[in-house]
Each structure stands twice: as C-alpha cells, then as structure tokens.
Amino acid sequence: MFALVDCNNFYVSCERVFDPRIIGRPVVVLSNNDGCVIARSNEAKTIGIRMGVPLFKTADVIKAHGVAVYSSNYALYGDMSSRVIEVLAHFTPDIEIYSIDEAFLDLSGFNQCSLTDYGRSIRSTVRRWTGIPVSIGIAPTKTLAKIANRIAKRSRESGGVLNLTNPTHRKTELASIAVNDIWGVGRSYSRFLRSIGIENALQLSNAPESFIKKKMGITGVRIIQELKGVCCYPLEQSPPQKKEITVSRSFKHPLTNRADLNEAVAEYASRVAEKLRAAQLEATILVIFLMTNPYGRESRYFNIKTIRLALATSNTAELIAHAHRGLDEIYRQGYRYKKAGVIARDLFSERSRQMTLFARNRREQSSEIMEAFDRINRQFGRNSVRYAATGSTADQKWKTSFQWRSPSYTTDWNQLPEVS
DNA sequence: TCTGGGGTCCTAGGACCC
DNA sequence: TCTGGGGTCCTAGGACCC
C-alpha cells in the first residue's frame, strides 16, 4: 500500500511561508533567467496563466491582475524540501524521495482501516511544522496513488487526503481521470489512446494488453497492470547510482564571443566536477554541446562533441581542459549562441578507479587539491575558491539572471528573515 | 526583445562475434 | 539461382517524468 505525498504548488508555497502577504493572491515562480512560468498558485491558474508559458507572453495578464512574480530560489526550495521529508520520516522509515516536492511512503504494515486518518495526521503535521500544504493519495500501486493524489488536490471535500483502497469506489474515480492525467501517459500516448477510443483511466485499465504493448511497449502494459491494482513499481528507498550528470544553461543574451563561451563552459565543467565528487564518482566520457536560439528566425546551429577520457576523473582542472578541447571542435564563428552544456557519462565509483602504471602520484596529489577545494567552499560558501578559467565575476556576461529572487532565508546567516 | 534544467527507460537497428 | 543461426553490445531517438 502506497501513499503519495505531494506539496501543493511547491515553489509558490515556499515563498508564501516567508512572505504571508502573498497568501490569497495570484503568484508565479519563474525559471532561470526569469524565462518561463514554472510554478503557479491556484489563483494564478484560475486567471489562465499556463504552465511553462514564457514570461513575455503572459506579461499583460500578470500586470492586469497584480500577480506576484518570483525568480526561482533553489537554495530555499531544496532546504524546505528536506524539512518536509524530515517530517515524513516521523511517520514511517519507508520513504522514497521521488522529486523535490513528492515522496512515496510504503504503508503496507499499517492498520489498513485507519489509513485515511493517518494520512490526515501526516498532512496536518507537515503543515504545522514546515508551513507547506500537501495533498496525499493512498492506493495499492504508485500509479493509483498518483491518481488519488490528483483527485485529493482538486476536490474540496477530500480535505487533501484521498484513499482509493476500495475497488468499487476506485472504479467511479478512475472513470473521471482523463488518459493524459495518468502517470506515464504523455502527449504522444494520449493522442494514440484517444484515437482508439480510450478516453479515461477506467477504459485503459480494461484495454487489451497485447494490443497496447505494440504501441506503448512494456511501459504501456505496466500502466494497465498498475491501474488494475497490480504493483509493478516497488518503493525504491536508496536511489540507484547516477548514470549521467549534466550542467547546462541558457544565456539571457546570446554570446558571440569565444572567450565568453570558454568561461561559461569552464563554469559548467567545474560544477559537473563538484557534483561528481559529491557523489564520489568519476567520469570516463565528457560531452560538450552548444546551440543557438531554437526559436525565431535567425540562423541555427547545434553541435555536440563526445570525448572519451583515458582515465576516469572528477578533477576540475582536467575536466575544464577537456571541455575547452571539445569546444574547439564544435565552435563556429558567426553564430549567436544561446545555450551550452557539459555532460559527464560512464560514471564509476572513485574507489574502483582503474590505475595506470605512471599516473599514480600525480593523481593522488590532484585529489588532495580537490578535497581542499571542496572543503573551503563548504565552509566559506560556494565559489569562495574557483578556477580562473570561469572568468572575473565583474564581467561574466553569461551569468544566469534572477531579477526577483527572494532571500535564502534558511540557508544563509546573512539573509535570515526579520520579524518586527 | 523576451522561451528552464536535469534526468530515466525503452526500442530498433547496426556492428560485430562465433 | 541457390547463401545459417544465435547472440551481445552500442547508439540514437522517442517518450516520459519533475
């Protein structure tokens, strides 16, 4: 038996915890560079602001309704997320952190008759201890728990908690769920399902598996099974080992200058290296890509270079050098670049490093440097030390911009909220 | 003028092996 | 004219998730 705990309008709710003046008002949170809307309060949804819409396309609505606008503040959201998880851990040790605002709980061992009450208690405790409102769906499979959660969110009388354990009750509710609202069914699959007359979750649960398998593969079969109450996706408590690590950014204004691109790519390679070390991993493949604006009419260019490293590494200097070498091969003069990124692939645990006969001493020395580097940045804050290749902060043209970012209330001593 | 970032899984097809 | 059978590995692309 699963419960899916999902934070309501999570980023907006985080902002509201620290600025109650925006409770009851329409609020949106924007993506990097304040480009798109990525979170909306219920009021913002009601006035028709769509998920993912570029800010400039909805500027009129925002102005007309006095919508409160925030740049994204991941330091804040990440910290609030771990607080929510801490509260959940008071209720069961069997937790799968599914995303920044969602967690599955395994409630199999609990008294099945009082699950709804237990859910209500979880919900009110999270609210009281963190300030974040959540909805909870309870059901025998993850896919059904997702659906229960969705219904809990939209129906007032559920009080934010919905239990779909009862099979008869479940049938009527499944009939009310459109196929595109099922976990695992996106744009393409819902178009296909509609074309063969399957409009809702109840119909899909009764569809012939062999036929669905031809179009949707094994994923489609699993969705049907899960809708029927047969569990195909168990709780995953320990996250599987990462397969790739990406750092990429769009530039607010296009870059034309090779020197600027060099800095940006060095920065992304540094971040990749830091993430690798944090996960105690090393990469044997480094991928560098860059692209022009995919929208609009100016001339387009996209290229990507894959570099196989002779020796697995998480060393910042090495990765920057490889990234620059990759950039050499794909950079073409005359384009206005809008985005670049660095990806580390074929990751291995640093403990199982493959040595070479001669590289040993240099290696050990470099990892000591990296350890010191990370220690300094942990203690004195990110970027306290960094590589000169990332440029001088005074003129990093490629830096992501955040015009309306709230303070890091919970993660920076200098930005604590003040109460008067 | 202005359009995010970071992932995973699955499948088909090609290359290659004995 | 007629040309086996059974596999694995790798990659690209599609689809999906938050």
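What you see is a predicted model, and the numbers here were worked out from it, not measured in a lab. Labels below follow one simple rule: chain letters A, B, ... track the order of the sequence lines, proteins then strands, and each chain is numbered from 1.
Remark: C1' of B:dC9 and CD1 of A:I223 are 12 Å apart, rounded to the nearest angstrom. In this structure, the NZ atom of A:K243 is 7 Å from the P atom of B:dT8, given to the nearest Å. The distance between atom CE of A:M291 and atom P of B:dG4, rounded to the nearest whole Å, is 9 Å. Whole-Å rounding puts the A:F10 CZ to C:dC18 P distance at 15 Å. Atom pair A:Y233:OH and C:dC16:P shows a separation of 13 Å (rounding to whole Å applied). Distance A:L281 CG to B:dG7 P: 12 Å, rounded to the nearest Å. Between A:K142 atom NZ and C:dC18 atom C1' there is a gap of 14 Å when expressed in whole angstrom units. One interatomic measurement links the two molecules: CZ of A:R345 to P of B:dT8, which rounds to 10 Å at whole-angstrom precision.
Ranking B:dG4, B:dT11, B:dT8 by closeness to the A:I218 side chain, first place goes to B:dT11. Proximity note for A:R187 (side chain, C-beta onward) versus B:dC9, B:dG5, C:dC16: the nearest is C:dC16. In this structure, of B:dG6, B:dG4, C:dC16, it is B:dG6 that holds the atom nearest to the side chain of A:S248. In the set B:dG4, C:dC17, B:dG6, B:dG6 carries the atom at the smallest distance from any side-chain atom of A:V247. Taking only side-chain atoms of A:R249, from C-beta outward, the nucleotide of C:dC18, B:dG6, B:dT3 with the closest atom is B:dG6. Among the nucleotides B:dG5, B:dG4, B:dC2, the one closest to any side-chain atom of A:F56 is B:dC2. Distance from the side chain of A:R308 is smallest to C:dT11 among B:dT3, C:dT11, B:dG6. Comparing C:dC18, B:dC2, B:dG5 by their nearest atom to the side chain of A:N32 picks out B:dG5. Here the side chain of A:Y74 is nearest to one of B:dT3, B:dG4, C:dC17, namely B:dG4.
A:R50 comes within contact range of no nucleotide atom at all, as no heavy-atom separation falls under 4.0 Å. A:L55 comes within contact range of no nucleotide atom at all, as no heavy-atom separation falls under 4.0 Å. Looking at heavy-atom distances under 4.0 Å, A:K213 makes no contact with the nucleic acid at all. When heavy atoms are screened at a 4.0 angstrom cut-off, A:R222 is found touching the sugar-phosphate backbone but no base atom. At a threshold of 4.0 angstrom between heavy atoms, the contacts of A:I245 are confined to the sugar-phosphate backbone, with no base atom among them. A:N33 comes within 4.0 angstrom of nothing in the nucleic acid, heavy atoms only. Using a 4.0 Å heavy-atom distance criterion, A:V185 is classed as a sugar-phosphate-only contact. As judged by a 4.0 angstrom heavy-atom cut-off over every strand, A:I304 is placed among residues making no nucleic acid contact.
Ring centroid separation for the pair A:Y74 and A:F402 does not come in under the 6.0 Å cut-off. In this structure, A:F251 has its ring center at least 6.0 angstrom away from the ring center of A:Y337. Annotation: A:W129 is not in aromatic contact with A:F91 [ring centroid separation under 6.0 Å not met]. Residues A:W183 and A:Y98 place their aromatic rings such that the two centres sit under 6.0 Å apart.
Taking the 5.5 Å centre cut-off and the 30° plane limit, the aromatic side chain of A:Y295 is classed as stacked on B:dT3.
Geometric assessment of A:R332 against the ring of A:Y301 yields a negative cation-pi assignment under the 6.0 Å and 45° thresholds.
Across the C1' atoms, C:dG4 and B:dC17 are found 15 Å apart, a figure rounded to whole Å.
The side chain of A:T219 contributes no N or O atom lying less than 4.0 Å from OP1 or OP2 of B:dC10. Considering only side-chain N and O atoms, A:K242 lies nowhere under 4.0 angstrom from the phosphate OP1 or OP2 of B:dG6. Between A:K214 and B:dT11 there is no side-chain polar atom (N or O) within less than 4.0 angstrom of OP1 or OP2. OP1 and OP2 of B:dG5 both lie 4.0 Å or more from every side-chain N or O belonging to A:Y268.
Summary of the strand contacts: A:T246 and A:Y11 both lie near DNA chain B, and taking for each the nucleotide with the nearest heavy atom, the more 5' one is attributed to A:Y11. If you find the closest nucleotide of DNA chain B to A:G217 and to A:S250, the one lying nearer the 5' end belongs to A:S250.
Checking B:dC18 for Watson-Crick or G-U wobble geometry (two distances, each under 3.5 Å) identifies C:dG5 as its partner.
Applying side chain to side chain contact (heavy atoms under 4.5 Å, CB included) to A:L88 and the options A:V134, A:T125, A:I95 leaves one that passes, A:I95.
Taking the six-membered ring where the residue is Trp, A:F18 and A:Y409 present parallel rings, their angle staying beneath 30° rather than reaching 60°.
Side-chain contact annotation: A:N73 with A:S406, donor-acceptor N/O pair under 3.5 Å present.
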